[in-house]
Structures are given as structure tokens and as C-alpha cells.
Amino acid sequence: MTVVSAPGKVYLFGEHAVVYGEPAVPCAIERRATVTVEPRDDSHVRVEAQDLTLDGFAVEYADSPDDRPDVDVPKPLLDAATGYVDAAVEQAREAADAPDAGFDISVDSEIPLGAGLGSSAAVVVAGIDAATRALGEPLDRRELADRAYRAEYDVQDGQASRADTFCSTMGGAVRVEGDDCTRLDTPELPFVVGFDGGAGDTGQLVAGVRSLRDRYEFAADTVEAIGDIVREGESLLADADPDSDPSAELIGELGELMDINHGLLSALGVSSRSLDTMVWAAREAGADGAKLTGAGGGGCIVALDATDETETSLQYTTDCEQAFRAELATEGVRLEE
Ligand code: PMV
């Protein structure tokens, strides 16, 4: 049995614009997806996930995911939950040159699905790593990140950047611009996450931004302006001492940039009433800045606040189902057992 975990992430800045070659800075957080893999004697794949969908499910199929029997989970949800596991299996089979390898796979995740915290990337990264290790062909981290990106790219019909998968593999704060991915040395930032209990459809939201950008020059300028925010934020982070607590001035300046970033994402149509409500609740509670994280449409916001005020206030906000402090996960993917 091979057990591997990988972290989720929040976007400090740059989601959506990263799809068009602008830089983005996602930060891994201590909420993990854990994937357990046991090779089988046949080529079947059995996937069990108790917390990716509301009631959990277990499904077994031979050879192709199209052979999947009916299970008592709505098809779109099952496809979303198993699609990434299937893609991870394909990448592991290819990497280990074992096209007929079968696996029993179980997924345990602390990261809500489709909520902007990178649950799919964490499942794919941990899944490929666990399956290749189980086959005796472990991958180095760069190849793992690359294969995880290809898996996401396939499932999302080409609408994916390297940001989530690279961040989940490496951990910490990272910078992604096109194919250029690096790790950043940053101080620990006081992230607070608010979750509305919902999810957004990443493919649809990315397509919506693409359409606006194609039709209006000012929408294309908005995407570029998000890139400018990221560059500004990066230079603030580069000047900070990674080994000390961040200064109040740094948090204030980063927060201001997050607020502008949220405004621009909202202008591009990817916020929602509940995300906006949580963003305003965080700001009114004294957060230094707040924005949606990930594709938007529903799911999570991230705020910066060194006090407990934002978390407490979000817990009493009607549109917020869950609020928690999110520590930076300095370790990316890791072998648990
Ligand atoms: O919602 P998430 O965590 O899957 O993030 C999506 C981020 C986008 O920039 C909208 C798409 C991408 O692949 O970078």
C-alpha cells in the first residue's frame, strides 16, 4: 500500500490571467488530499472517495472509465470526482510503461471539490505519485508536476495553467508564467479562507473570460492589469525577509493589491453574490485585503488578517459555510506510508 498526500492552494494573485500568459502567485496551504494506492492482479481500477462528493462512492471498472457501472451519484459529480483520478492513472501507466496496470485507489480529501482551493490538482499530484511509486517507478518532482499538468489539461479540455499542479507538487509560494515555474521564498502570510459551500465550473468560467477578452479590448486590458498586480505583488514579496514575520506594512500593501485583483476578477464576471458578500464581510472585519481564489463562480475567498476578527466574522456571515485559517504548506507532495 502506498499513501501520498499533496496540498491544496489559494491564489494570492493572478488566477484567470495566468491562462493567457500573465504571471500568477499561488500559495500551497495545509489542507491535503491523501491518495492510497494498491496495485491489483488485473487491469481494473477501483476508486473509492468518501468525501469528494456528499455521500461518498466506490466504483470499479475494467480497462476504460467508459465501462464504469452505474452508481448512486449524479453523473456530473461522479465524472468530476473520478475524471481526475482516471487521468492520474493514465499518466502513471504511461510513466511506468505499464499500460495494463490495475489499482485499488482510495481518496481522502480535506479540500472541497471545485471551490478554488486546488482539490483536483492535489488529487492528481498525489495520485500519480502514489501510483508510480506503487509500480516501483517513482518520478522526480519536475516530471511529476509536468504529468499532473497534462492530466488536468486533458480533463479540462485544454483550459488549464501549470499553476495549481506545480504549486501542489512543490509546496510553498510559487510563481507561474506560461511554462516557467519557480518557487518563491516568502514569509508566512496570515491567510483566512471563507467557503460558501458551493463550487464553480472552471471550464465555463475560463470560457466566459476568454469570450470577453476576445470581444472587448478593455477586457483584454483588464487581464493585463491583473498581470501588473502580480508583478507589483512579487516585488513586494522579493523585498521581504522570508525568515521573519511579515511587517504590517507588507500585509497592508499586499491586501490592497488583493482588493484590486478581486475588483478586476469581478469585472470579468467570475465573482458571485456569496463570494462578494464574504469579501466584504472580511474587509469590514478588518482584513487587510480579500479576494476570490481560483476559478470563482462560488467556492472560496482568501483574506489576509493577522488577528482572529476575520475568521470569527466570516463564521457569522450567512453566505459563509466554513471559515478557517490556512497555514502555508511549505512541503508539497509527500509520501505518508
Ligand atoms: O478553481 P481552481 O483552483 O481550479 O483554479 C482555476 C484557476 C484558473 O486560472 C481559472 C485556471 C487555471 O488552470 O489556471
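Remember, it's a predicted structure, so these values are computed and weren't measured experimentally. Remember, it's 1-based here, ligands and their atoms both numbered in the order they're listed. Keep in mind that the numbers below use all heavy atoms, side chains included, and drop hydrogens, waters and symmetry copies.
- For ligand 1, the polar-atom distance check finds no N/O of Glu15 at less than 3.5 Å from any of the ligand's N/O atoms.
- Atom 1 (O) of ligand 1 has as its closest protein heavy atom Ala295 N, 2.9 Å.
- Each of the following atoms of ligand 1 lies closer than 4.0 Å to a heavy atom of Asp164: 2 (P), 3 (O), 4 (O), 5 (O).
- In this structure, the protein non-hydrogen atom closest to atom 14 (O) of ligand 1 is Ser161 OG, 2.6 Å.
- Close approach of ligand 1 to Gly116 is summarised as follows: ligand atoms under 4.0 Å from at least one heavy atom of the residue are 1 (O), 3 (O).
- At a cut-off of 3.5 Å, with distance as the only test, no side-chain donor of Thr317 or Asp319 sits close to an acceptor on the other residue.
- Atoms of ligand 1 lying under 4.0 Å from any heavy atom of Val18, numbered from 1 in the order shown and given with element: 9 (O), 14 (O).
- Neither the backbone nor the side chain of Ala163 has any atom closer than 4.0 Å to an atom of ligand 1 (non-hydrogen atoms only).
- Summary of contacts: the protein heavy atom closest to atom 7 (C) of ligand 1 is Tyr11 OH, 3.7 Å.
- Close contacts of ligand 1 with His16, meaning ligand atoms under 4.0 Å from a residue heavy atom, involve 8 (C), 9 (O), 10 (C).
- Electrostatic pairing of Arg162 and Asp146 counts as a salt bridge here, judged by a charged N lying under 4.0 Å from a carboxylate O.
- Between the Thr222 side chain and the Phe218 main chain, a donor and an acceptor come within less than 3.5 Å of each other.
- Between Asp104 and Arg40 a salt bridge is recorded (basic side-chain N to carboxylate O distance below 4.0 Å).
- Here the side chain of Asp259 pairs a donor or acceptor atom with the backbone of Ala290 at under 3.5 angstrom.
- Between Glu137 and Asp97, every side-chain heavy-atom pair lies at or beyond the 4.5 Å cut-off.
- A side-chain N or O of Ser120 and one of Glu152 form a donor-acceptor pair less than 3.5 Å apart.
- Taking a 4.0 Å cut-off on heavy atoms, Lys9 registers as neighbouring ligand 1.
- Scanning all protein heavy atoms for the shortest distance to atom 11 (C) of ligand 1 gives Val19 CG2, 3.9 Å.
- Per-residue contacts place Gly118 under 4.0 angstrom from the following atoms of ligand 1 (heavy atoms of the residue considered): 3 (O).
- In the model, Gln156 has a side-chain atom that pairs as donor or acceptor with a side-chain atom of Tyr84 under 3.5 Å.
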